[in-house]
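Order of the sequence lines sets the chain letters (A, B, ...), proteins ahead of strands, with each chain counted from 1. Predicted model, so just to flag it, every value in this text is computed and none were measured.
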Number of protein chains: 2
Amino acid sequence: MSANGRAEMKKSRPLRADAGENLVRSLEQLKAVFVERGVDASLEEIAKRSSVGIGTLYRHFPSRAKLLAAASDEQLATVARKEAELDGLDSRLEALHLFLKELVKRTGMYHGLAAALNTVLNSDAPGCKAATDLGKRLLKGAQDASEVRSDIKFEDVVSLVGAVSLSPQKGARDPARINRMLEVIIEGLRPIQR
Amino acid sequence: MSANGRAEMKKSRPLRADAGENLVRSLEQLKAVFVERGVDASLEEIAKRSSVGIGTLYRHFPSRAKLLAAASDEQLATVARKEAELDGLDSRLEALHLFLKELVKRTGMYHGLAAALNTVLNSDAPGCKAATDLGKRLLKGAQDASEVRSDIKFEDVVSLVGAVSLSPQKGARDPARINRMLEVIIEGLRPIQR
DNA sequence: ACCTGAACACCGTTCAAGT
DNA sequence: ACCTGAACACCGTTCAAGT
């Protein structure tokens, strides 16, 4: 019945290409597929679920990385919105810690995204850029305050955080594990005392 | 010339199935392919290069994980052979540090293996088992000596080490990066002072 | 100008047939 | 008992044809 209705609409109104509306709908489905299937979801399924031809999908997102960046952009914008709160903290290391916690939290729903986190953060989508800018600034601040060793690169931290969300044996989202591993990373970032 | 010779041998001696010799030859080629192509190398190519039918490959190694374990077993046995040396050290944390360094070193030649390191270490191949046993014992020792926080699991450490060999932007094997990231992990493992 | 999906290539996996 | 590779299924990617 409902399927019949959709078919009729498609026939009577030949899919007037409202690019904006169309893309938004695609993004919603895109995210849903990534949530259900993980970041290795088949492009075929994404296209089908997004009601878009596979060719159109490729034109909008020439690589899987672009797709991941688009799907993650909103979540990363949310991370970036923590800026004021984090800037208000006393400890720069604590600010970085909370940033990383938020990053893992907002990034965990796409299974396997962690492995591609550096790539996604380096994309030019606005949310990705904002989160990366904030993260780099927090790291720099902690280093200037001598709370983090000066030789560490932002990419090092992101790679380590990626490992956190990598499940040990496939499955099992273990919050305790995430917490203790983030603690290890944060404590390990401190300058070595001699 | 040499190719011709091989072809003749194959014809005159119809590949007498010396399973042992055959498997060893396969393993050599298997490792070569993983070195050249990374751990996602196509099974087709592995079979072809190993002069084995794809079906035979599947019978010997029903999953890619088994293949990875077989290819890594010798390297991991080498890691395990550090046992005496590491047991002789004063600091249990330093022993663990050197173990992890060795692990990264012997594991780095297969691009992408890091991500599957926990799986490989958990396989029942002898070298994998030996390396895992040693690693777990070293961690336990460091914890008993209060040099490592007691809530850490061996799998946590391996996951973090996996991140180390994960290149940030594809390519670039950077020894300095490996060293500082391993240092971050080791320092971060220390019990938190309060 | 934009969209579509058939068509091609490549790879994983199984299994009937061969020795 | 062991090996083989054709056959099938599935997925990524391109591009000629359609609107």
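Spacing between atom NE2 of H60(B) and atom C1' of dT4(D) amounts to 13 Å, rounded to whole angstrom units. Per the geometry, NZ belonging to K48(B) stands 13 Å off P belonging to dT4(D), to the nearest Å. Atom P of nucleotide dC10(D) and atom CZ of R37(A) are separated by 12 Å, given to the nearest angstrom. Between the CD1 atom of I46(B) and the P atom of dG5(D) there is a distance of 17 Å, rounded to whole Å. In this structure, CD of E45(A) is placed 16 Å from P of dT13(D), rounded to the nearest angstrom.
If you find the closest nucleotide of DNA chain D to L43(A) and to T56(A), the one lying nearer the 5' end belongs to L43(A). Mapping L57(A) and E44(A) onto DNA chain C via the closest heavy atom, the residue that lands nearer the 5' end is L57(A).
Under a 4.0 Å N-O distance rule, the pair R137(B)/D87(B) qualifies as a salt bridge. Using a 4.0 Å cut-off between charged side-chain N and carboxylate O, E74(B) and K31(B) make a salt bridge.
For I54(B), the side-chain atoms get nearest to dT13(C) when compared with the rest of dG12(D), dA6(C), dT13(C). Closest to the side chain of Y58(A), out of dT14(C), dC11(D), dT13(D), is dT13(D). You'll find that the side chain of R64(A) is closest to dG12(D), out of dC11(C), dG12(D), dC3(C).
Side-chain atoms of N118(A) and S159(A) include a donor-acceptor pair closer than 3.5 Å.
Pairing of dA1(D), defined by two Watson-Crick or G-U wobble distances under 3.5 Å, is identified with dT19(C). Figure legend. dA9(D) is base-paired to no nucleotide; pairs are counted as Watson-Crick or G-U wobble with both atom distances under 3.5 Å.
Side-chain contact between E147(A) and E94(A) is absent, with no heavy atoms from C-beta onward closer than 4.5 Å.
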